[in-house]
Amino acid sequence: MKKNEEIATIFERIADILELKGENIFKVRAYRRASEALLGMDEDLSSPERMEEMAGIEGIGKSMAGKIKEYLETGSIAKYKDLISDVPETLLPLLKIQALGPRTIMAAFRELGVRDLESIEKAVADGRLAALPGMGEKKVENIRMGIEMYKTGKERISIGLALPVAEEMMLPLRAVAEKVSLAGSARRMRETVGDLDILATCSDCSRAVDAFVSHPLVRKVNARGETKASVIIGTYNLQVDLRVVAPESYGAALLYFTGSTAHNVKLRGRARDMDLKVNEYGVFRGEEMVAGKREEDVYRILGLQWIPPEIREDRGEIEAALAGKVPELVRAEDIRGDIHTHSNYSDGTNDIRTIALAARDMGYGYVGICDHSAASRIAGGMDEKKLGARNEEIDEVNREIRGIEVLKGIEVDILSDGRLDYPDRILEKLDFVIAAIHQGFRKDAAKRMKSAMDNPLVDIIAHPTGRLLSGRSGYDLDIDEIIEYAAGKNVSLEINSHFDRLDLNDLNILRARSAGARFLISTDLHEAGMFANIRYGVGMARRGWLTRKDVLNTYEWKDVPLRRRSKCCR
DNA sequence: GCCGTTTTCGGCCCGACTGTTTTCAGTCG
Ligand SMILES: Nc1nc2c(ncn2[C@H]2C[C@H](O)[C@@H](COP(=O)(O)OP(=O)(O)OP(=O)(O)O)O2)c(=O)[nH]1
Ligand SMILES: [Mg+2]
Ligand SMILES: [Mg+2]
Ligand SMILES: [Zn+2]
């Protein structure tokens, strides 16, 4: 998807430039929408011949298709080159600064010669920005703080870090509000969130807003009104937004605040076509409120099935809901076992018995111990002797403990020459094999992964892209090539729930699903207390529109469609 | 720039908060 991503980035930049130049906002949105559409496509635009794939994609019309073709043929887009000659490239990142929008940036550029972060800081400091018409001390002070945040804070954080903080922020609200609900991208379980969004319903809402802004974690209050407030908290410098409404508006408000924006806009457009109006207070036919208490009621009056938050991204879910074809997404309760767990035989902290008991407490029927192979030395990789001892201990635990089946697995290293770290003689004695690259990210990664998949004893590829949200970009390979190959060989792809991995992510899952791949959702835990983190992987799977049957570990162990059990593709 | 069981032109989601404003623009959700 390299080309799609490149073109999406250019469209995003064109949108930014047009916005700065004060172009028609709908044109700006058209470019943003086209950018999103490119990222959400099933097909890789690797060459101009694949242009037919564009036909019928919503948001990509004649002009966009022409520019895409131009890029694929020539490697650049003339319109972008034109635009970027008018506006310094270094101005675009300033749009990310809170309280600093396109009008102010452009005024500062035209009137004060501001061209980048450094020069806007100077204009703030020496009072020139405040002197511009319509500006003033307070506005500039807000911009100054926005710049501070921009320079220090990370842009987005993993859902796995954000959800526990959200729960902490919601706790004291529960005492003063009727209902307190998570909303925004966190409720949609996006892999990363830009902030936290919380909805509360109440009869006396000023008390709820008070409680919120005086939460002990709050460092700064951005805004505070009758119906909403916005704060920055100490944890991760996160912004947290609170919205309050009366109970009769709960459904409409939750729908609004859960988003996504694109989902909201499309729903509201549909409502308009039906001579209805949707806002965060309800659905209105003229003056009369005709729905609003429950999300389901709002969808129903628009002729739609209720849509799970995870897929509210305007990726076809509204069309599916109209046709009554919203998929039954995989649920946390469907997960029957977790087979990517590390014991103290490699780099885990707990013994096998402890892991087994914790898995049983989760209600699982089985748990797979999946320690590192010898080559992962820093991760305590096991030699053959140690593996033998571990397998004996698993047998022992299975004899001792009822109600959970402990399985013998391995996270076997894919070596630098593409061979596996253990011979088949060892692998075939195990219940399942997960293969992964842990070293040599730049060295023939695709070729090595494929040669690993050529071994019929390999059931699953772990964290298939290798990227870390904290920064590491991942293996040097084309993930679509790996997806195709895995689907063809009946090798399953992991959805790793670790907060820094979330790998595969939603977009990759969507394409892998179209390619016919199967998936394993696992925690990759190193501590028995971490089983519940599976929820992040389940969230990712749901965002990828997966159902129960797409996911290996929703089956009882004897029925899990492992590659090694399949008749074909050996 | 996109799009069409109202349309091939004229719409495109809707509202809250802040600051600088004497009536509303800018920014954000
Ligand atoms: N109707 C409408 N709703 C919006 C708009 N902008 C934001 N919202 C709603 C939908 C969003 O999911 C919700 C929260 O806004 P956020 O800016 O926090 O976005 P969101 O949480 O989706 O993503 P994030 O991870 O925070 O960047 O508010 C808008 O322009 N129109
Ligand atoms: Mg948000
Ligand atoms: Mg928000
Ligand atoms: Zn692992």
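Each chain gets a letter, A, B and so on, in the order the sequences are listed, and its residues count up from 1. Because only heavy atoms are used, hydrogens play no part in the values below, and waters and symmetry mates are left out as well, while side chains stay in.
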Which atom names give the shortest non-hydrogen contact between Met41(A) and Asn4(A), and what distance separates them?
SD-ND2, 3.9 Å
Using whole Å, report how far [atom1] of [X] lies from [atom2] of [N].
X	N	atom1	atom2	value
Leu255(A)	dC13(B)	CG	C1'	12 Å
Ile232(A)	dG29(B)	CD1	C1'	14 Å
Leu94(A)	dC28(B)	CG	P	12 Å

[atom1] spacing across the pair [N] / [M], given as an integer number of angstrom:
N	M	atom1	answer
dG1(B)	dT5(B)	C1'	24 Å
dT20(B)	dA16(B)	P	22 Å
dG11(B)	dT27(B)	P	27 Å

Have Lys67(A) and Ser63(A) got a donor and an acceptor in their side chains that come within less than 3.5 Å?
yes
Would you please say whether a donor-acceptor pair under 3.5 Å links the side chains of Ser470(A) and Asp500(A)?
yes
Evaluate the criterion salt bridge (charged side-chain N to carboxylate O under 4.0 Å, His left out) for residue pair Arg467(A) and Glu191(A); output intermediate values, then yes/no.
CA-CA 13 Å; Arg467(A) 73 87 200 252; Glu191(A) 59 181 334; 2.7 Å; yes
Is [X] near enough to [N] that one of its side-chain N or O atoms lies under 4.0 angstrom from OP1 or OP2?
X	N	result
Gln239(A)	dG29(B)	yes
Arg29(A)	dC13(B)	yes
Thr104(A)	dT27(B)	yes

Residue set satisfying side-chain hydrogen bond (donor to acceptor under 3.5 Å, both in side chains) with Lys96(A), at least two apart, ordered chain then number -> none
Counting the atoms with a prime plus P, OP1 and OP2 as sugar-phosphate, which does Leu267(A) contact under 4.0 Å by heavy atoms, base, sugar-phosphate, or nothing?
nothing
Need one value for Asn264(A): base, sugar-phosphate or nothing, where a base atom within 4.0 Å counts as base even if backbone is also close, heavy atoms only.
nothing
Would you mind building the protein contact string for nucleotides 15-21 of chain B? One character per nucleotide, 5' to 3', B for base within reach (heavy atoms under 4.0 Å), S for sugar-phosphate only, - for untouched.
BSSSSS-
Indicate yes or no: does Arg187(A) engage Glu295(A) in a salt bridge with an N to O separation below 4.0 Å.
yes
